[in-house]
Amino acid sequence: MQSGARDSPEAQSPPGVVELREDVPLKAGAGFGAGGDEGCCAGGPRLILLAFAALSAAITLALLTQIYYGDYEVVPHGSVSSSAAACSSAGTDALKAGGRALDAAAAAALCLAVLAPHRTSLDASGSLLYWEYRQSRTQQPTLYEWGGPQPATVAPPPEPAANASAKPVTRPPRLLAALASLHARYGALPWARVLQPAIELARNGFNVSEGLATAEAAAGSAVSAKGTLRTEPQLAQFLETLQQNTSAELSAAWGGASMARAGTARAAAAGGWRAWSGGAGAGVALQAFAAALLPPPTDADDAERRVVNSLQQAATGTWPPAGVSSGLAAVDRLDTYVALVAGLSTPFGSGPVTAEGWTRDEPVAPLDLAPAIITDEDICGTRYVVGAESSGALAQGAAALAAAGGPEAVERARVEVRHGGALALQVGRPAPAPAALPPAPAPAPALNATPPFAAVNVVRQSADALLSYADSRGGGYASRF
Ligand SMILES: *[C@@H]1O[C@H](CO)[C@@H](O)[C@H](O)[C@H]1NC(C)=O
Ligand SMILES: *[C@@H]1O[C@H](CO)[C@@H](O)[C@H](O)[C@H]1NC(C)=O
Ligand SMILES: *[C@@H]1O[C@H](CO)[C@@H](O)[C@H](O)[C@H]1NC(C)=O
């Protein structure tokens, strides 16, 4: 059992290395006007000088990289961070094939729906932040949400009971329908290609993860040992039938536009940072984030203690929301950011299994889905794209990223704040420093958090340099190309 984040090799690159893309100086001369599509921090002659400096640095770094890490590329063109290696790879494969961040996020999310049925499914509810960063002067991140408890206004009025045994209305699985509608709008790859990795894993088999094996044992269902090869032929067949159509056709047939609701992300600004988030816990998470950064914390423990204090106050109300989820972050070569968290009201869904092989999930309360984008206030400063698996984990992870940064921030000890404000420790992981917890006479944490613990999966962009971290709590793996 490792305790460190398994991050992709670029996480070891010096963070100061910027502007290494070989096409940048050429673009500067060619006029950047077209569509305001310039890269970050592009400038005039200064750029050329910078480019020379960068070139020298690039050569040095390339040599060092060759020496230490073999044949990795110096500057990744995109990155995906999720809680399963196969799914992060499915995402970066989509980027390599010419896909955009939405293609990568959709491919990874569908893959997770097959590999991690204890946390997400084709019928998962979701919360997604989408941001084309190069348009950030005029556009804020857009929030799309789907699923959750069905609003009372959507429930059909009770029909005269003509046929009491009429079967329930069939509807498409929600994650799939929402991703089809978003893909129709933002995708670049063919829809069939986006479905392909999930189909192959369902058809050819995948290794049961430790998290899945543990969740199955807890649910008392048929248990497979970790590492057992599992196939989902019915899911593979269902997804294959959907390869015949474009996402636009499916979206139209399913009423997809109404399934992914566009909304306004919750936003907060504090201590030189801005953050946007979605999901039922977004308000509380952002409030705790702001409390940690204003006034500036003395260190990461100080930030953590203030977050915990703020969460405990919120926990006297309806927070935290319920549910389990799987979070991912994707960034493409055009600096489009997607933070996507998909989740279920209960592990494996509330059922039943449909004839097509997917399991329904009908939440009765809003779910704890916590995608986020965090930026420092300088244009071209550091930006984090975050798929967090609970708002409590987001608040603690985001404050640590802002206060300290780096993989340590993702791996830092966190506590679970329960209804009423009790704190639960994550057994098997380092405990938080005493300075990171409320001071005496507050009771010390006496409870154990229930595994699997919420992961915080992150892609960081600093100027044009990408780094990605996947939380070892989720068994995570960040992939880039
Ligand atoms: C009710 O619907 C079921 C299935 O749709 C059908 O088999 C049955 O005949 C219907 N009963 C009546 C009374 O209409
Ligand atoms: C499953 O795990 C085994 C051993 O850890 C590995 O050799 C195999 O390639 C894995 N299979 C898949 C489909 O990932
Ligand atoms: C899906 O594709 C098939 C074959 O091209 C076509 O017959 C069908 O009408 C399409 N379905 C939708 C919902 O557009």
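Counting convention: from 1, in listed order, for ligands and their atoms alike. Note that the numbering runs from 1 along the sequence shown for the chain.
- Shown here are the salt bridge (Lys or Arg N to Asp or Glu O under 4.0 Å) partners of R418, two or more places apart in sequence or in another chain: E416.
- Ligand 3 places these atoms under 4.0 Å from at least one heavy atom of N245: 1 (C), 2 (O), 3 (C), 8 (C), 10 (C), 11 (N), 12 (C), 14 (O).
- Residues of the protein with a heavy atom under 4.0 Å from ligand 2 are G205, N207, L229, listed by chain and number.
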Counting only pairs under 3.5 Å, give me each side-chain donor-acceptor contact of residues 194-201, with atom names and distances, residues two or more places apart or in other chains.
from: Q196; atom 1: OE1; to: Q243; atom 2: NE2; distance (Å): 2.6
from: Q196; atom 1: NE2; to: E200; atom 2: OE2; distance (Å): 3.0

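- Close contacts of ligand 3 with A253, meaning ligand atoms under 4.0 Å from a residue heavy atom, involve 13 (C).
- Inspection of the Y384 and Y469 side chains reveals no N or O donor paired with an N or O acceptor under 3.5 Å.
- A salt bridge is defined here as a Lys NZ or Arg NE, NH1 or NH2 lying under 4.0 Å from an Asp or Glu carboxylate O, and E216 with K226 fails to meet this definition.
- For W191, the ring pair (Phe, Tyr, Trp, His ring centres under 6.0 Å) partners at least two apart in sequence or on another chain are H183.
- Classification of D123 and R171 as a salt-bridged pair holds, one side-chain N sitting under 4.0 Å from a carboxylate O.
- One finds no salt bridge joining R193 and D93 here, because no Lys/Arg side-chain nitrogen approaches an Asp/Glu carboxylate oxygen to under 4.0 Å.
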